[in-house]
2 protein chains.
Amino acid sequence: MPVSISDVAKRANVSISTVSRVLNRRELVNDQTCARVESAIRELGYQPNAFARGLMLRKSEIVGLVLPDLHGEFYSQIIRGANQRARQLGYNLVVSSTRDGDDSHSLLHAIRQRTLLDGVAVMVSELTDRIQDVLTDFRLPFVVLDDEIGGAPHDSVLIDQRHGATAMMRHLVGPCGAKRIVFVGGLETNFDTIARFEAYRQALANAKLPFSRSDVYYLDYEYETAYNLASKHVREWAAPDCCVFAANDEMAAGIVAAANAAGLSVPRDLGVAGFDDTRVARMTRPPLTTVRVPMSEMGAKAMELLCRRVADPQRPPTRISLKPELIVRESCGADLCGPHRNR
Amino acid sequence: MPVSISDVAKRANVSISTVSRVLNRRELVNDQTCARVESAIRELGYQPNAFARGLMLRKSEIVGLVLPDLHGEFYSQIIRGANQRARQLGYNLVVSSTRDGDDSHSLLHAIRQRTLLDGVAVMVSELTDRIQDVLTDFRLPFVVLDDEIGGAPHDSVLIDQRHGATAMMRHLVGPCGAKRIVFVGGLETNFDTIARFEAYRQALANAKLPFSRSDVYYLDYEYETAYNLASKHVREWAAPDCCVFAANDEMAAGIVAAANAAGLSVPRDLGVAGFDDTRVARMTRPPLTTVRVPMSEMGAKAMELLCRRVADPQRPPTRISLKPELIVRESCGADLCGPHRNR
DNA sequence: CATGTTTTTGACAGCGCTTTCAATAGACCA
DNA sequence: TGGTCTATTGAAAGCGCTGTCAAAAACATG
């Protein structure tokens, strides 16, 4: 039923080779013949069969993207960025999650189909060794997101967490004139939290501000937890030259809400800074000064790297580091007229 | 370089037919031979070539999902749900967005590859006719999300917006004892807003409450806009038996914030209800009573329908309607011990 | 006109797999 | 013993396409 290349050939009164040439290397065929073939293609509504094509060419122009989850602000931005860039580069994107059902199984499953995939970008949280094995076992071109896997070198795209946190700290001790900064992190073992904490500590030292272990809290990235913590401490924190630096926007929002509930005004009585620049950052009163993490760009860069590697499997591994950007809004009280001003 | 079926055949000292049978119809081959072949497969790390397979079988086990955008709470939930179910059903999912680059082009592009896709689920906002044409032109099995396309009947998955809004209204006039309900919708032309408004009006009539045109506002679904509107009106709205019914959680959050800023207490002085049950719903003080829209389930159902149609293109079109669920939290002041209680 | 060169075309051999179809070899029955 | 089954296997025909190679056609040159 579906129309094949030989149907077109018959109709245009040429051989299938000629049709194929029209499709792939037009310059090799006579203009008139070409026109005849093209109209036959149009009339029949012919679409080359991608399987047959792939069988010969040994490539599908499909690449995979494997994330821990597909839902949530970050992942969905990565998907968006990756998909967009993949398209530009002439590839289609298959997404998959390591969390759907059994953890690694689904990744394996995705990759088992590898003969259909030209390459894959993976973002992993744990099981790094096994994934490394699987990936190299299958000899499938791959790039790693936001993490590095031990062993053989490979392409990777990283977010320079440290740079972002440092930028924020500089802003707090500089333009905002903070003398005391409270750090509210996520889980103590979380890589991002660790990087941000280090930047925090370093910046404090650079600014010759005292570091106090009691100004550091480790929570769970949740609004509610931060709200509860802040409810207990805002009165103590309240001071024009005190800022709370939360490791994500949700916690920052919780802190702002707790301050407001306690009758304090942000940033007059207390500065609050967030991280990530998610939607919530604009949904607090006042809106949050935060750090924009270029997730969508990370997805895009990953696709660039991946497609390049697919094209040339021998090229030396590249490592791209993306710099987060400071977004100054009102929650820390600094002047809003700087170059980063963002309503 | 890659190992093919004939490598396995040679190694196991059988013909390729036998290897193929071991792969697909094990029961047809002798146990001993089978074992020999299997160990050859293992030793060689053989993976069947998906192209060759697809060429014969005429199916890829890949289905597509085309959304207006890939980012945002809803879309990402749809993707998650769809991906999960697709996997369960033995399919892989390719996602694509109509907004990346030129609107319809990217959809077309995705579908042009259709020989690789067994089917596609599309969610459209506008250009319904053209998509319908494209889809039927390509004779590709498809299902439509959250909308219906004129013309030939087809599978579709819808959200029963009306049902959700009605449930909320019943809750407000019943357990919450509201006598006056302010409606804050999105754009007046938006389908969801229209459906929700109709439910609002109907419920008001059923409860014999007066309807006042001046209690209806049309905004743009944004936090900020709602905050501004509410700042102007909260004092006028303030009354224990008055509720504001916002058409999404972000606007509801803006209203709560404005009320708090005005020194009012929600729900004591004013009830606020949201819609969608996004993350923000838990990020207001108090958390929002809202309506959970089963987006992830919509994605899952779409995949079920799609895969069924792929399996049997002749079956009559199905139309699934998903019911949103009322989520009672604290922002409307009703008793929290009902069956839907959700912290 | 013979010869060399370039352009344009068709025949055909795969790519790696599934799937008839036929062959072989026991097993069973009369 | 001959004949009919059944179980097991291999040979070979494609699936629709690309790409090589050689033939044919068109053109240019001496």
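Just so it is clear: chains get the letters A, B, ... in the order the sequence lines come, proteins before strands, and each one is counted from 1. Since the model is a prediction, treat every value here as computed from it, not as a measurement.
- Straight-line distance from the CZ atom of A/Arg36 to the C1' atom of C/dT8: 12 Å, rounded to whole Å.
- Nucleotide C/dC15 holds its P atom 14 Å from the CG atom of B/Leu55, rounded to whole Å.
- Computed from coordinates, the A/Phe51 CZ to C/dT18 C1' distance equals 14 Å when rounded to whole Å.
- Between A/Met56 atom CE and C/dC12 atom C1' the separation is 12 Å, expressed in whole Å.
- Between A/Asn13 atom CG and C/dG10 atom C1' there is a gap of 13 Å when expressed in whole angstrom units.
- Here B/Lys59 pairs with B/Glu61 in a salt bridge; the nearest charged N to carboxylate O distance falls below 4.0 Å.
- Comparing B/Ile16 and B/Arg58 against DNA chain D, the residue whose closest nucleotide sits nearer the 5' end is B/Ile16.
- Counting 5' to 3', DNA chain D first comes under 4.0 angstrom of a heavy atom of chain B and last does so at the ends given by D/dT8 to D/dG16.
- Contacts of A/Arg21 with the nucleic acid, taken as non-hydrogen atoms under 4.0 Å apart, include base atoms.
- Within 4.0 Å (heavy atoms only), B/Ser4 reaches sugar-phosphate atoms of the nucleic acid but no base atom.
- With rounding to whole Å, B/Arg25 atom CZ is found 9 Å from C/dT19 atom C1'.
- With a 4.5 Å cut-off on side-chain heavy atoms, B/Arg11 and B/Asp7 do not count as touching.
- Regarding B/Asp7, its CG atom lies at a distance of 9 Å from the P atom of C/dG16, rounded to whole Å.
- Among the heavy atoms of the strands lying under 4.0 Å from A/Leu57 are primed sugar atoms or P, OP1, OP2 only; no base atom is included.
- One atom, CD1 of A/Ile5, and another, C1' of C/dC12, lie 14 Å apart when rounded to the nearest Å.
- For the OP1/OP2 pair of C/dT18 and a distance below 4.0 Å, the side-chain nitrogens and oxygens of B/Asn24 include at least one atom meeting the criterion.
- Counting heavy atoms from C-beta on, the side chains of A/Met298 and A/Ile159 come closer than 4.5 Å.
- The shortest distance between side-chain heavy atoms of B/Leu116 and A/Ile62 falls below 4.5 Å.
- Backbone-only contact: B/Thr18 has heavy atoms under 4.0 Å from sugar-phosphate atoms and none from a base.
- For the pair B/Glu38 and B/Arg36, the salt-bridge criterion is not met [side-chain N within less than 4.0 Å of a carboxylate O].
- Between B/Arg319 and B/Asp155, none of the side-chain N atoms (NZ, or NE/NH1/NH2) sits under 4.0 Å from a carboxylate O, so this pair counts as no salt bridge.
- Here the options are A/Val310, A/Val63, A/Val94, the test is side chain to side chain contact (heavy atoms under 4.5 Å, CB included), and the partner is A/Leu117; only A/Val94 passes.
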